[in-house]
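Proteins get letters first, then strands, A, B, ... in listed order; numbering begins at 1 in each.
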Amino acid sequence: MKNQEIARIFNDIADLLEIKGENPFRIRAYRRAALNIEGLTRDIAETPKDELMKIPGIGQDLAGKIEEYVKTERLQFYEDLKKEVPEGLSMLLSVPSLGPKTAKLFYERLKIKDLQDLERLAREHKLSGLPGIKEKTEENILKGIEMLKRGMERQPLGKVLPLANDILEHLKKKAPVNKLSIAGSIRRWKDTIKDIDILATSENPKEVMNTFIHLPHVKDVLMHGPTKSSIIIKEGLQVDLRVVEEDSFGAALAYFTGSKAHNIRLREMAVKAGLKINEYGIFREKDDRKLGGKEEEDIYRILGLPYIPPEMREDTGEIEAAFTGRLPKLVELSDIKGDLHVHSKWSDGSHDFEELIDAARERGYKYIAITDHSKGLGIARGLNAERLMEEKKEIETINKRLRGFRLLAGIEMDIRSDGTMDLPDDVLKEMDIVVASIHSGFRQSKEQITKRLVSAMRNPFINIIAHPTGRLIGERDPYDVDMNQILKVAQETGTVIEINAYPLRLDLNDIHVKMAKEMGVQIVISTDTHITNQFDYMAYGVSIARRGWLEKKDILNTMSYRVIKKAIKRKQ
DNA sequence: GCCGTTTTCGGCCCGACTGTTTTCAGTCG
């Protein structure tokens, strides 16, 4: 898929046009197109031009540019632009507080063309004296360069969410807040997060702001106003806090949850209907009368839309779906009836069956599958056929006295680097459920990896492909795999694909999940639990499913034990 | 550059905070 590549180029073009001082609406058009292409579920390289033009934000011109790039691997317009604007100059835009106007000014007046130049001249106070630039601006630029060097890259949701909750707890305890909510991309459950957005109501906003900028987490204060402040915390993340009146809480929550693209679409709809939306409410244009805003639902209702859950707010078709009454009823955590990927002491898990059963029952589950590693994963004390049969026997014994709960005897079988399976069919045949996955040879070619997964899916005894891209967010890139092909074969063979809920994995990702749904592939959400508290990772997995528009019926482990057993048999 | 049962041209989301200014441009989300 060239989608991400083309999106990046369009964003790059937008940067370059910005520095040139081009028409801001033209720039926005490139950014919007880039965003829409990123969220696309089909391969843009295989989409004909007239289909391309049906994608929102892509017209005659951009469709042509996409075609040109797909055909020739380059884009003349982009190449020309890069010649006009020195390489490195667009890097300046990544310095916080430094935008296109200032970058252009620095280039034209001081011939600054990269970060090194900028840092040197700022230190030597050579920027002062330019129109609108004095000492404070130099300071802020140096600060921004520092922040950039420290790396402000996106961090995994699983790491950021606990941090955000901790800040919320502190505010609740120390500041005079009434309502308090996480907003932004955390509320949309994006798998990686750039900053933490918090919204509050209070009778004394000033006091709240004052408490906020003095929290023990604070490393630096970027902005401190009466209703809005921004800090950098020790972990390097930016945290924004906004305080509004009770009567505006819903509108502010919608505004602050985003995404930006989603908000813009709503506001455009509002304008066409003679309305205006901002963080204070939804208003009638002609007399500025406030029609709503206390509840988030107000905004959608007054626009004539059903409530759109935060996980869907990416402007990837949810507004159209809402408008035409085709909004899916998203799966919820409470729909989950069991976990089909769990490790025990028999391999590298920490608990025996009893402890796992107790923990699962506490979460309202009706079943779990014990899927310890197969022998190929020596490091995880993987099981050979003999040990596996012993484990199965013990599971059967326990099942006999269990009431209202079942253990499935399963295995997480390693797909070896040469493409062969770690256990023979006559062993797999004995199991209630077989999960297969890749643990080695991550750097193989796309063809090799895809072939390994396909041959696993063609095996009638393999039910589930686990963590299908092998990524560990921030630590290991996904391996190169032809997801289109994988999903096609999954659909053909009735193989279920896993959303691994472990917060650093979260693969399938949201876009792949959406693709899977469109292709009719069944999904399972599993935690890959090794310690009982990891059962709680299910919430992360469900959020990815929701971001991929999945409903209860799309997901295997929302079904009863009996239905699951039948579904597994069906493949064979 | 996109888009249109009000338009094929003329619009295009909205507001807070900062630093530089004496009323506002730039940046950000």
Shorter than 3.5 Å, N or O on both sides, protein versus nucleotides 3-7 of chain B: list them out with atom names.
unit_1: B:dC3; atom_1: OP1; unit_2: A:Gly57; atom_2: N; d: 2.9

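- Going from the C1' atom of B:dT7 to that of B:dC2 covers 14 Å, rounded to whole Å.
- Using a 4.0 Å heavy-atom distance criterion, A:Ile277 is classed as a sugar-phosphate-only contact.
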Problem set entry | Audit row: A:Arg265, A:Glu320, salt bridge (Lys or Arg N to Asp or Glu O under 4.0 Å) steps and yes/no | CA-CA 10 Å; A:Arg265 288 292 307 282; A:Glu320 290 76 4; 3.0 Å; yes
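- With B:dC2, B:dA16, B:dC14 as the candidates, the nucleotide lying closest to the side chain of A:Asp61 is B:dC2.
- In this structure a side-chain-to-backbone donor-acceptor pair under 3.5 Å is missing from A:Ser248 to A:Ala251.
- Using a 4.0 Å heavy-atom distance criterion, A:Ile264 is classed as a base contact.
- Regarding A:Met269, its CE atom lies at a distance of 16 Å from the C1' atom of B:dC12, rounded to whole Å.
- A straight line from CZ of A:Arg28 to P of B:dG11 spans 15 Å, rounded to a whole angstrom.
- Taking atom P in both B:dT23 and B:dC13, one finds a spacing of 29 Å when rounded to whole Å.
- Note on A:Lys65: only backbone sugar-phosphate atoms sit closer than 4.0 angstrom, heavy atoms only; bases stay farther off.
- Pairs passing the salt bridge (charged side-chain N to carboxylate O under 4.0 Å, His left out) check and including a residue from residues 303-314 of chain A, sequence neighbours excluded, read A:Arg188-A:Glu314, A:Glu296-A:Arg313, A:Glu311-A:Arg546, A:Glu314-A:Arg547.
- Listed for the A:Glu285 side chain is no donor-acceptor partner under 3.5 Å among the backbone atoms of A:Lys276.
- For residues 23-68 of chain A, the set of pairs meeting the ring-ring contact (aromatic ring centres under 6.0 Å, His included) definition, not counting sequence neighbours, comprises A:Phe10-A:Tyr30.
- Of the residues in residues 215-224 of chain A, those lying under 4.0 Å from DNA chain B by heavy-atom distance are A:Met223, A:His224.
- Straight-line distance from the CD atom of A:Glu139 to the P atom of B:dT18: 14 Å, rounded to whole Å.
- Going from atom CG of A:Asn23 over to atom P of B:dC2 covers 12 Å, rounded to whole Å.
- In this entry the distance linking OH of A:Tyr30 with C1' of B:dC12 reads 17 Å, nearest Å.
- Residue contacts for A:Ser229: at a heavy-atom cut-off of 4.0 Å it reaches no nucleic acid atom on any strand shown.
- With C1' as the reference atom, B:dA25 and B:dT20 are 9 Å apart, rounded to whole Å.
- A cation-pi arrangement, defined by a distance under 6.0 Å to the six-membered ring centre and an angle within 45 degrees of its axis, is absent between A:Lys104 and A:Phe106.
- Counting only residues at least two apart or in different chains, side chain to side chain donor-acceptor pair (under 3.5 Å) contacts with residues 79-100 of chain A comprise A:Lys20-A:Glu84, A:Gln76-A:Asp80.
- Side-chain atoms of A:Ser202 come within 3.5 Å of backbone N or O of A:Pro176 as a donor-acceptor pair.
- Salt-bridge check for A:Glu279 with A:Lys228: failed, with every basic side-chain N at 4.0 Å or more from each acidic carboxylate O.
- Annotation: B:dA16 and B:dT21 have their P atoms spaced 24 Å apart (nearest Å).
- The CZ-C1' distance, from A:Phe25 to B:dC12, rounds to 5 Å in whole Å.
- The distance between atom CD1 of A:Ile13 and atom C1' of B:dG1, rounded to the nearest whole Å, is 11 Å.
- Classified by its glycosidic torsion, B:dT7 falls in the syn category, the angle being within 90° of 0.
- When the P atom is used for both B:dC17 and B:dT22, the distance is 23 Å, rounded to whole Å.
- Under the Watson-Crick or G-U wobble criterion, with both distances below 3.5 Å, B:dC3 is paired with B:dG10.
- In this model, the phosphate group of B:dC13 is not approached by any side-chain N or O of A:Asn263 to a distance below 4.0 Å at OP1 or OP2.
- Note: CD1 (A:Ile66) to P (B:dG1) measures 13 Å, nearest angstrom.
- For A:Thr324 and A:Arg326, the side-chain atoms include at least one donor-acceptor pair closer than 3.5 Å.
- Of the charged side-chain nitrogens involved, at least one lies within less than 4.0 Å of a carboxylate oxygen, so that A:Glu119 and A:Arg123 count as a salt-bridged pair.
- Remark: the separation of the P atoms in B:dG1 and B:dT5 is 23 Å, to the nearest Å.
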For this session: Between protein and nucleotides 19-29 of chain B, map the contacts as a letter string: B base, S sugar-phosphate only, - none, heavy atoms under 4.0 Å, written 5' to 3'.
Result: SSS----SSSB
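- Between A:His214 and A:Lys174, every side-chain heavy-atom pair lies at or beyond the 4.5 Å cut-off.
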Exercise. Could you walk me through whether A:Lys54 and A:Glu51 pass the salt bridge (Lys or Arg N to Asp or Glu O under 4.0 Å) check?
Worked result: CA-CA 5 Å; A:Lys54 286 183 193 153; A:Glu51 286 290 316; 3.1 Å; yes
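- Nucleic acid contact class of A:Arg265 (heavy atoms, under 4.0 Å, all strands): none.
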